[in-house]
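Computation of the quantities below employed the complete heavy-atom set of this structure, encompassing side-chain atoms and omitting hydrogens, waters and symmetry-equivalent molecules.
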Amino acid sequence: MMSRLFRLARAGFSLIEVNMAIFVLAGGALALLGLFPLGLRDSLAAHNEMRVAAFADRFLGAVKIAAQEARDVDELKSFVTDIMDTQPGFQWEDDAGEQPDENGNGGDLDSTEDKSGVFYRAWAMADDTWGGEDGFEQFDDKIVVIVGILVTGENAKQNKRALLTASAYGMRVILDKEAD
């Protein structure tokens, strides 16, 4: 009878065992809570990359459509501007811009912000590398145009280096000067 009573009195958990279990559970819960900011940051980065890729895809699609109708670089720029329909209006630059140094000093990588929060720098110019004085002799009534865009979701107005690490997209299109 005494040994049975002794066993019943020992049944259950001691205060030390309960505290250790709480400590282990709290450590696990804190570890899980620590993962939420990482997941949120990665989710925001993925969302940002999707916006940038969608903007660039829309731009390159507009260039392909405009190249079928345009007769010169100015018409190409005008058609793409109409197709893009951004707020504020789509902006073109004269060239890709002078690159800043590794600290973001110097350079002229000014960018335009789209209403979606994407910063970009787009340019289009006749490609003179195809031979001839004006670059057009090889193709007679055709013009080869280089079109490029730098796109980033980072605020390029506050951080000049944002366009140094931006996604760059480009293509050459051929415009028919005699297009109907």
Side-chain angles (χ1 to χ4, degrees), residues 25-130 135 143-175:
L25 286 174
L30 285 175
L32 285 176
L33 286 175
L35 293 176
F36 283 113
L38 298 175
L40 181 61
R41 186 189 70 211
D42 289 346
S43 174
L44 291 174
H47 177 71
N48 191 29
E49 288 176 25
M50 285 177 39
R51 282 186 327 179
V52 166
F55 187 88
D57 184 55
R58 206 169 101 219
F59 170 75
L60 294 176
V63 169
K64 288 177 186 177
I65 292 168
Q68 296 172 0
E69 300 295 324
R71 292 189 205 113
D72 60 27
V73 176
D74 291 333
E75 264 190 21
L76 178 76
K77 287 180 175 183
S78 176
F79 291 159
V80 171
T81 300
D82 291 343
I83 293 169
M84 288 299 289
D85 188 31
T86 62
Q87 293 297 325
F90 192 79
Q91 300 291 313
W92 288 94
E93 304 294 336
D94 294 331
D95 57 19
E98 181 72 28
Q99 297 284 324
D101 64 18
E102 63 276 354
N103 297 318
N105 299 320
D108 63 348
L109 288 179
D110 294 330
S111 62
T112 305
E113 182 180 9
D114 180 56
K115 67 180 175 185
S116 65
V118 172
F119 292 82
Y120 66 91
R121 181 180 180 93
W123 66 95
M125 59 188 175
D127 186 352
D128 296 333
T129 62
W130 292 94
I143 301 173
V144 178
V145 178
I146 299 172
V147 180
I149 191 167
L150 294 171
V151 190
T152 182
E154 205 177 323
N155 189 340
K157 292 182 191 270
Q158 294 176 353
N159 178 8
K160 276 189 166 184
R161 291 189 295 169
L163 285 176
L164 286 175
T165 59
S167 300
Y169 302 91
M171 62 179 11
R172 282 191 171 95
V173 293
I174 298 176
L175 306 180

Closest contact, heavy atoms only, [X] versus [Y]:
X	Y	value
Leu175	Val73	CD1-N, 4.0 Å
Thr112	Glu93	OG1-OE2, 4.4 Å
Phe90	Ala122	CZ-CB, 3.7 Å
Ile65	Ile83	CG2-CD1, 3.8 Å
Val144	Arg172	CG1-CD, 3.9 Å
Asn48	Glu154	ND2-N, 4.4 Å

*Any side-chain heavy atom of Val63 sitting closer than 4.5 Å to one from Ile149?*
no
*asked:* Please report whether the ring centroid of Tyr169 lies less than 6.0 Å from that of Phe59.
replied: no
*Show your reasoning for whether side-chain contact (heavy atoms from CB on, under 4.5 Å) applies to Trp92 and Met125.*
CA-CA 11 Å; Trp92 288 94; Met125 59 188 175; over 6 Å; no
*Just do the side-chain contact (heavy atoms from CB on, under 4.5 Å) check on Thr86 and Arg58 with the steps written out, would you?*
CA-CA 11 Å; Thr86 62; Arg58 206 169 101 219; 3.4 Å; yes
_For a side-chain contact (heavy atoms from CB on, under 4.5 Å) check, start with the C-alpha distance between Phe36 and Leu33, then their side-chain angles and the critical distance, and finish with the verdict._
CA-CA 6 Å; Phe36 283 113; Leu33 286 175; 4.0 Å; yes
*Are any side-chain N or O atoms of Thr81 and backbone N or O atoms of Lys77, one a donor and one an acceptor, separated by less than 3.5 Å?*
yes
Gap separating the [atom1] atom of [X] from the [atom2] atom of [Y], nearest 0.5 angstrom:
X	Y	atom1	atom2	value
Thr152	Arg51	OG1	CZ	9.0 Å
Asp85	Lys115	CG	NZ	7.0 Å
Asn155	Glu113	CG	CD	6.5 Å

*Going through the checks in order, is the side-chain contact (heavy atoms from CB on, under 4.5 Å) test met by Gln91 and Tyr120?*
CA-CA 9 Å; Gln91 300 291 313; Tyr120 66 91; 4.1 Å; yes
*For Met50, does the CE atom sit with more than 12 other heavy atoms under 6.0 Å from it, leaving out its own atoms?*
no
